[in-house]
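Hydrogens, waters and symmetry mates play no part in the numbers below; they use all other heavy atoms, side chains included. Just so you know, residue 1 is the first one in the sequence shown, and it goes up from there. Remember, predicted model here, so these are calculated numbers, not experimental data.
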Amino acid sequence: MALLTFILYILYRQKELKNEKQILTLEQSMLRSQMNPHFLFNSLNSIKLYIINNEKKNAVHYLNKFSKLVRKILEASSLKEISLADELETIELYMNIENIRFSHEINFTVRVDEPIDEHTVKIPSLILQPFLENALWHGLSSKEGEKKIHLHVSRENEKFIQISITDNGVGGRPQKG
């Protein structure tokens, strides 16, 4: 009887873990899809304005950054996990593009604590962009004066890292993941 109870418990637990994994995968897909509509439309509009205003150099510069970012997004969107280094490179491109739209008013910094190896740490792909977008558009877009966003990667313990995004905008509280 005890053996049967133990087997049933293990089967129940496996089913529960499988359901949790499916939920996490769905949440991840939802986060990835947040970037596409507004950001892509606004970026293309910015390029269009540069062209209309005959600012060819700015249009080409912006278009180069935008195309690199789109390529990285398309590559990462098919993967469940990518290296922290790849994710940081993607968000650097994203923040560069957004900073152009903000007239270079945003001071964006990234700090990765030692001994974290950005190339071996794996995180869900495209997980950070929605948090940065939130900090930009809800924290800093209406703020006057100095605008800062800081991303900090630290080791919580041997198995986990912590990523916090802090801005000095309205209602700015650190977002941790």
side-chain hydrogen bond (donor to acceptor under 3.5 Å, both in side chains) partners of [X], counting only residues at least two apart:
{"X": "Lys72", "answer": "none"}
{"X": "Glu105", "answer": "Lys147"}
{"X": "Ser67", "answer": "none"}
{"X": "Asn99", "answer": "none"}

Without hydrogens or angle criteria, can the side chains of His152 and Asp113 be said to hold a donor-acceptor pair below 3.5 Å? yes
With no hydrogens and no angle check, do the side chains of Thr109 and His150 hold a donor and an acceptor under 3.5 Å apart? yes
Just jot down the salt bridge (charged side-chain N to carboxylate O under 4.0 Å, His left out) partners of [X], sequence neighbours excluded, or say none.
{"X": "Lys65", "result": "none"}
{"X": "Asp117", "result": "none"}
{"X": "Glu55", "result": "none"}

Other than Ile52, what residues sit in its cluster of Ile, Leu, Val, Met, Phe, Trp and Tyr side chains whose heavy atoms are under 4.5 Å apart, directly or through others? none
Say you draw a straight line from [atom1] of [X] to [atom2] of [Y]; how long is it, rounded to the nearest 0.5 Å?
{"X": "Ile73", "Y": "Phe66", "atom1": "CD1", "atom2": "CZ", "result": "7.5 Å"}
{"X": "Asn64", "Y": "Ile97", "atom1": "CG", "atom2": "CD1", "result": "10.0 Å"}
{"X": "Glu75", "Y": "Leu126", "atom1": "CD", "atom2": "CG", "result": "11.0 Å"}
{"X": "Ile165", "Y": "Leu151", "atom1": "CD1", "atom2": "CG", "result": "5.0 Å"}
{"X": "Thr90", "Y": "Ile82", "atom1": "OG1", "atom2": "CD1", "result": "5.0 Å"}

Minimal non-hydrogen separation, Ser154 against Ile116, with atom names: C-CD1, 3.5 Å
Can you name the closest pair of heavy atoms from Tyr62 and Arg101 and give their distance? OH-CD, 3.0 Å
Assess whether side chain to side chain contact (heavy atoms under 4.5 Å, CB included) is satisfied between Ile106 and Met95, documenting all intermediate values. CA-CA 9 Å; Ile106 309 293; Met95 289 301 295; 4.1 Å; yes
Report yes or no: do [X] and [Y] belong to one cluster of Ile/Leu/Val/Met/Phe/Trp/Tyr joined by side chain heavy-atom distances under 4.5 Å?
{"X": "Phe131", "Y": "Phe160", "result": "no"}
{"X": "Val60", "Y": "Ile47", "result": "no"}
{"X": "Leu63", "Y": "Leu49", "result": "no"}

Listed pairs under 3.5 Å, donor-acceptor, residues 4-16 side chains, sequence neighbours left out:
{"residue": "Thr5", "atom": "OG1", "partner": "Met1", "partner atom": "O", "Å": "2.9"}
{"residue": "Tyr12", "atom": "OH", "partner": "Glu16", "partner atom": "OE2", "Å": "3.0"}
{"residue": "Arg13", "atom": "NH1", "partner": "Glu16", "partner atom": "OE1", "Å": "2.5"}

Which residues pass the side-chain contact (heavy atoms from CB on, under 4.5 Å) test with Glu118, not counting sequence neighbours? Leu84, Ala85, Leu88, Val112
Taking the side chain as every heavy atom from C-beta outward, state whether [X] and [Y] have any pair of such atoms under 4.5 Å apart.
{"X": "Tyr50", "Y": "Ile100", "result": "yes"}
{"X": "Ser125", "Y": "Glu81", "result": "no"}
{"X": "Ile161", "Y": "Ile123", "result": "yes"}

Does Pro130 offer a backbone N or O that forms a donor-acceptor pair with the side chain of Asn134 under 3.5 Å? no
Examine distances only and state if a side-chain atom of Glu87 and a backbone atom of Leu128 form a donor-acceptor pair shorter than 3.5 Å. yes
May I have the list of side-chain donor-acceptor pairs in residues 136-144 shorter than 3.5 Å, sequence neighbours left out?
{"residue": "Trp137", "atom": "NE1", "partner": "Glu98", "partner atom": "OE2", "Å": "3.2"}
{"residue": "Ser141", "atom": "OG", "partner": "Trp137", "partner atom": "O", "Å": "2.8"}
{"residue": "Lys143", "atom": "NZ", "partner": "Glu146", "partner atom": "O", "Å": "2.9"}

Residue pairs fulfilling salt bridge (Lys or Arg N to Asp or Glu O under 4.0 Å) with at least one residue in residues 41-53, sequence neighbours excluded: none
